[in-house]
Protein chains: 2
Amino acid sequence: MADELFKALADATRRTILDELAERSGQTLFEICTRLSQKHGLAISRQAVSQHLAVLEAAGLVVSRREGRYKFHDLDAAPLEHLAERWTRPHREDTA
Amino acid sequence: MADELFKALADATRRTILDELAERSGQTLFEICTRLSQKHGLAISRQAVSQHLAVLEAAGLVVSRREGRYKFHDLDAAPLEHLAERWTRPHREDTA
DNA sequence: TTGACATGCAAGTGTCCGCTTACCTATCGT
DNA sequence: ACGATAGGTAAGCGGACACTTGCATGTCAA
């Protein structure tokens, strides 16, 4: 659970995708591809973005809803809220 | 910078080391090895821990001070303070 | 219905990463 | 000085991961 979360955040492209969804929610796969390419200068294939979104979704950072042939993606920042409290607050025990 | 930070957090063993240093600061390499093995049941070599500490130190999460033949390690939670604000606050642009 | 569009699935590839193994350096006690 | 202790360096291995390539599925407009 926490492992999937940290692993999802470990990749710079995935963090950029989160940035993109934070700025404009409800984007489709192609929209994300286009904006990654144009705004961020990232040359990345559609399939690669699709796989990144799957990882983010498995970590609970992205939720998706399907409408017809479109699939819209939204950021869910809730898992990020208390990410580092484990170390920033006086010691609690937590599972890795 | 942010990349090293997230990469450092991506490994479960390194997160456990941070837990350990949060609970008791100023531990040496051998102390950390011992406690990882005993408290957390992790079978891990000294060299592996040493490499993990190097990664954590490169990320600014651990600072070390040498005294004689001992090297003491301390947690620095400062880089963790505003880790996720990038996504939890209304959008700011940040570099990946 | 047919073609274009949006997405999904899966195998293959190259690279990075965590770990081990083996050896080396430095400091302390006796 | 010598051995023991604490730590450092570097090469090599196996697995995980990001990405590509190729094909399949599903939806909509004309």
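The sequence lines fix the lettering, A, B, ..., with proteins before strands; numbering per chain opens at 1.
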What nitrogen or oxygen pairs link the protein and nucleotides 16-18 of chain D at under 3.5 Å?
from, atom 1, to, atom 2, distance (Å)
dA18(D), OP1, R14(A), NH1, 3.4
dA18(D), OP1, R14(A), NH2, 2.6

Subject >> Interatomic distance where CG belongs to L53(A) and P belongs to dG8(C) [whole Å] >> reply: 9 Å

Subject >> Selected nucleotide, minimal atom distance to R69(B) side chain, candidates dA4(C), dT21(D), dT27(C) >> reply: dT27(C)

Original post:
Would you say S50(A) reaches dG8(C)'s phosphate, i.e. side-chain N/O to OP1/OP2 under 4.0 Å?
Top reply: yes

Original post:
Is D19(B) salt-bridged to R15(B), going by a charged N under 4.0 Å from an acidic O?
Top reply: no

Original post:
Are any of S45(A)'s side-chain N or O atoms less than 4.0 Å away from OP1 or OP2 of dT20(D)?
Top reply: yes

Subject >> Earlier contact from the 5' end, DNA chain D, for R66(A) and I44(A) >> reply: I44(A)

Original post:
Within the structure shown, what part of the strands sits under 4.0 Å from F30(A) by heavy-atom distance: base, sugar-phosphate, or nothing?
Top reply: base

Subject >> Rounded interatomic separation in angstrom, taking CZ from F6(A) and P from dG18(C) >> reply: 15 Å

**OP:** Respond yes when some side-chain nitrogen or oxygen of K71(B) is under 4.0 Å from OP1 or OP2 of dT27(C), and no when none is.
**Re:** no

Original post:
Would a hydrophobic clustering, with Ile, Leu, Val, Met, Phe, Trp and Tyr connected at side-chain separations under 4.5 Å, put V55(A) with I32(A)?
Top reply: no

Original post:
Between H73(B) and E31(B), is any side-chain donor less than 3.5 angstrom from a side-chain acceptor?
Top reply: no

Original post:
Rounded to whole angstrom units, what separation is found between the OH atom of Y70(A) and the C1' atom of dA4(C)?
Top reply: 11 Å

Side-chain donor-acceptor pairs under 3.5 Å in residues 45-54 of chain A, sequence neighbours left out?
from, atom 1, to, atom 2, distance (Å)
S45(A), OG, A48(A), N, 3.2
H52(A), ND1, R14(A), NH1, 3.1

**OP:** Rounded to the nearest angstrom, tell me the gap between atom CD in E57(A) and atom P in dT7(C).
**Re:** 13 Å

Subject >> Pairing of K39(A) and E23(A) as salt bridge, 4.0 angstrom limit >> reply: yes

Original post:
E67(A) has an atom CD; how far is it from atom P of dT7(C), in whole Å?
Top reply: 12 Å

Subject >> Ion pair D74(A)/R65(A), N-O distance below 4.0 Å >> reply: yes

Subject >> I32(B) CD1 - dG8(D) C1' separation (whole Å) >> reply: 15 Å

Original post:
For E31(B) and dG7(D), what is the distance between atoms CD and C1' respectively, to the nearest whole Å?
Top reply: 14 Å

Subject >> Nucleotide nearest R46(B) when distance is taken to its side chain, options dA6(D), dG8(D), dT21(D) >> reply: dG8(D)

Subject >> S64(B) and E57(B): side chain donor to acceptor below 3.5 Å >> reply: yes

Original post:
Separation of D3(B) atom CG from dC16(C) atom P, in whole Å?
Top reply: 13 Å

